[in-house]
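Chain A is the first sequence line, chain B the second, and so forth, proteins listed ahead of strands; every chain is numbered from 1. Bear in mind that the values here come from a model prediction, so they are computed numbers and not experimental data.
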Amino acid sequence: MTAILVPVAALAASLALFGAFVALIGVSPLDVYQLMYTGAFGSWFSWQNTLTRAAPLILTALCTALPAQLGLVVIGGEGALVLGALAAAATGLALEGAPAPVVVPAMGLAAMAAGALLIGGAGALRHGRGVNETISSLLLSYIAIAVLNHMVEGPLKDPASLNKPSTAPLADDYTIGTLPGMDVHWGLVVGVVCALAAWVLMRRTTFGFAARMVGGNPRAARMAGLPVGRLLIVTTALAGAMAGLAGMVEVAAVHGRANASLVAGYGSTGILVAFLARQNPLAVIPVAILFGGIGASGGLLQRRLGLPDASVLVLQGIIFVTLLASEGLHGRVRLPRLAKQPQEA
Amino acid sequence: MNVMTWVGAPSLEAVAITKRFDGFTALDGVSLKVRPGTVHALLGENGAGKSTLVKCVMGFHRPDEGAVLVDDHEVVIGNPRAAQRHGLGMVYQHFTLVPRMTVLENLVMARAEVPALIDWKAERKELAAFLRTMPFKVELDAPVATLAAGDKQKAEIVKQLYLQARFLILDEPTSVLTPDEADETLGLIRGMAESGRLSVLIITHKFREVMAFADDVSVLRRGRLVGSGPVGAHTPDTLARLMIGDAAVAGPAARAATPRSEIRLEVSGLRAEDDTGTPAVGGVDLQVRAGEIVGVAGVSGNGQVELVQVLAGQRPASAGTVRVHGEPYAATRAEMRRHKVFSLPEEPLKSACVPGMSVAENMAFRRFDQSPCARGGWWLDTRAVRAAAQALIERYRVKTTGPDAPIGTLSGGNVQRAVLARELSGDVAVLIAANPVFGLDFAAVADIHAQIVEARNRGAAVLLVSEDLDELLELSDRLVVMSRGAIVHETTPVSADLTVIGRCMAGH
């Protein structure tokens, strides 16, 4: 019960804090929240905007939520997304001319492989060398972004892209279309399917069972003879593949090419989504939609209230800090009505 | 710091102290008197109640019955700070100084009230003057981390003296020291006692130190005082006898006679390091036959934990081989399954369970990837997992609200029973057990002992590591003594000479 209650309370507390923040700069918090609601969920148009943003967030959140089952804190989703996007664009360009049913899956696979390499690398460093996976995934992420910049400004640069160095655009055949009857691309379906698959993997397969044993108590896992290192590397690679796939979706459904616009913060927001979802792959879906909505409302706040574009980032930051601070409350909050003491035998 | 005024060494008396934890009586009417200006040794096996007694004196525990007298006046010591006010100081087995700070900084910061702004020059001068009155020489400006173990221990003692302790409790002060360092430190302590500046209570299990440095000795056994008096009236043999007891071995659990059978578990030249990288197991050779319980006795911290962890797959060996059924054994899951190797580690919740996972899931750790718990080797049949657990819960009488309760919510005895059910319910060829009944009540102990003997009767090779010699004498077919990472003695319970065992355990 507290598993839901604590994040919700943290969310409410951060909304109050953000309200105080906007009041300080002279804007009515009520106006802000009303506009945010309008911008995120107020109309069919804003819903579609929200869902489009939620798609990559689900995948990058899985990049943090999957390793969390093993007790790891991976924050390199941004890098895996970027590298995946680059790999997808490069594959699409290299295979230009081949039929789309071949190229699009190839782009997806290339993106997943690139992401898996990056985050799986952090997992391998952790297992083999004892390098802290949080730090290494973050630093690898910077390297990935640098690689993207290098490639789009150098070897893969489209001479026609003058102001914003980019790869050449993908052929129209290779882009991912929208879902029937709406403006939301198929990436949302990919994200939801991956989240469901991640949940099934962790809750309903022996692999997930073993992973949860390692996450819960590595000593007990070793006593059961589990290959702790292999579980660690496979899971982190899988996590990286999810974020890599987000990059492919962004390239093939939104940007149509790889460039610096891909570094849009989906990776870092994904960390926040995973934590608010308490690392549960299923809960990632609604939380990603919520944060997609917050992101979608940013433009409206800017236009109507003259709030800076970064305001929603302030809100996200406040949520994250409040959430981390509230983690310590788990198991300590006793609700008078719900309090159920574990029975001592 | 004010001028040190040396009031004489106090006497300390514990009168009929009883302390119970959840129905377990750790101390049963223990009385003990430390005469002023003497060194009093407190002897006992692990779990005999030595630590509980000094914790009652120091105010960490509140005794259920009994009183503490300092200089013949009853004092109520509610917390360690109060103990300090009465001039009682304790030096722990493990160091408590901040390694990166200098001795000077450590000493000044340990004071009850430290000014916000410290005049280090003045403090240094004062401390240097204080040290000149002490037999202990420690370098004030050296970072603690650079000191040798003996000097660290001296700095710990100096700290207590600086905090004006007149009664010093030393908890196994020499366990981390070399014999020379130990002799020097204890000699200085004894000198201070003789000159009437200190009274000392020293917890140890080294007879040599008792004989050489103590005036009086008291022996605890299973929470009771079994002997007390001047050291001169004792010899190491009589002390060993008191410590271990007559051990009128309770009729061993119904054990089937087993013919001499093949070697199941063979350990040769095994070496392993502890968590800090120091060698803990130094070349152990051991053989356990089918249908045999081999007991490993020893004072804790002599490599038994690391030996068990290597065999259970929780710690890599640095050298040597382990063979099961004659084949090399590296404690992988496949090998465990093929050779039917199971284990009952100590502190089951910490080393054999995932507290947040359910009882059913914890009971499935050995079989979750096999039919019927897994279909096709990868799909987890949660219903089968629960059903298997339900059966085990009933058979082993595990008290839980249900198979879905997190195992961390169960009591210690029931956690152990759940682990027992998981490890012993199937066909067991080799069983590695370490202090399997530590902290459990009598009923649970008898139950678990019976299960272990039954596994042996069914033909399992059992390696049983325990700090409780009675347990080993009762259960083992063969008994070895481990000291400083090596096996130093082997005997059988029938022909066991307790005096010899006690002295081997104590490192003679």
Sort [X] into side chain, backbone, both or neither according to what part of it lies under 4.5 angstrom from a heavy atom of chain A.
X	answer
B/T382	side chain
B/A331	backbone
B/R375	neither
B/P345	side chain
B/Q309	side chain
B/L311	neither
B/Q370	neither

Quiz item: Can you tell if the side chain of A/T205 reaches within under 4.5 Å of the side chain of B/L380, non-hydrogen atoms only?
Solution: no
Self-check item: Contact winner vs chain A - B/R337, B/M357, B/E335, heavy-atom pairs under 4.5 Å
Solution: B/M357
Quiz item: Looking at B/C353, B/S351, B/G377, B/P355, which has the largest count of heavy-atom pairs under 4.5 Å with chain A?
Solution: B/S351
Would you give the length of the straight line joining atom [atom1] of [X] to atom [atom2] of [Y], rounded to the nearest 0.5 angstrom?
X	Y	atom1	atom2	value
A/T206	B/D381	OG1	CG	12.0 Å
B/F368	A/R212	CZ	CZ	10.0 Å
B/F365	A/M223	CZ	CE	9.5 Å
A/L226	B/T332	CG	OG1	10.5 Å
B/R315	A/R219	CZ	CZ	8.5 Å

Practice problem: Answer yes or no: does atom CZ of A/R230 have more than 12 heavy-atom neighbours from other residues, nucleotides or ligands under 6.0 Å? | Solution: no
Quiz prompt | Under 4.5 Å from a heavy atom of chain B, the part of A/V200 involved | solution = side chain
Quiz item: Side chain, backbone, both or neither: which part of A/A210 has a non-hydrogen atom closer than 4.5 Å to chain B?
Solution: both
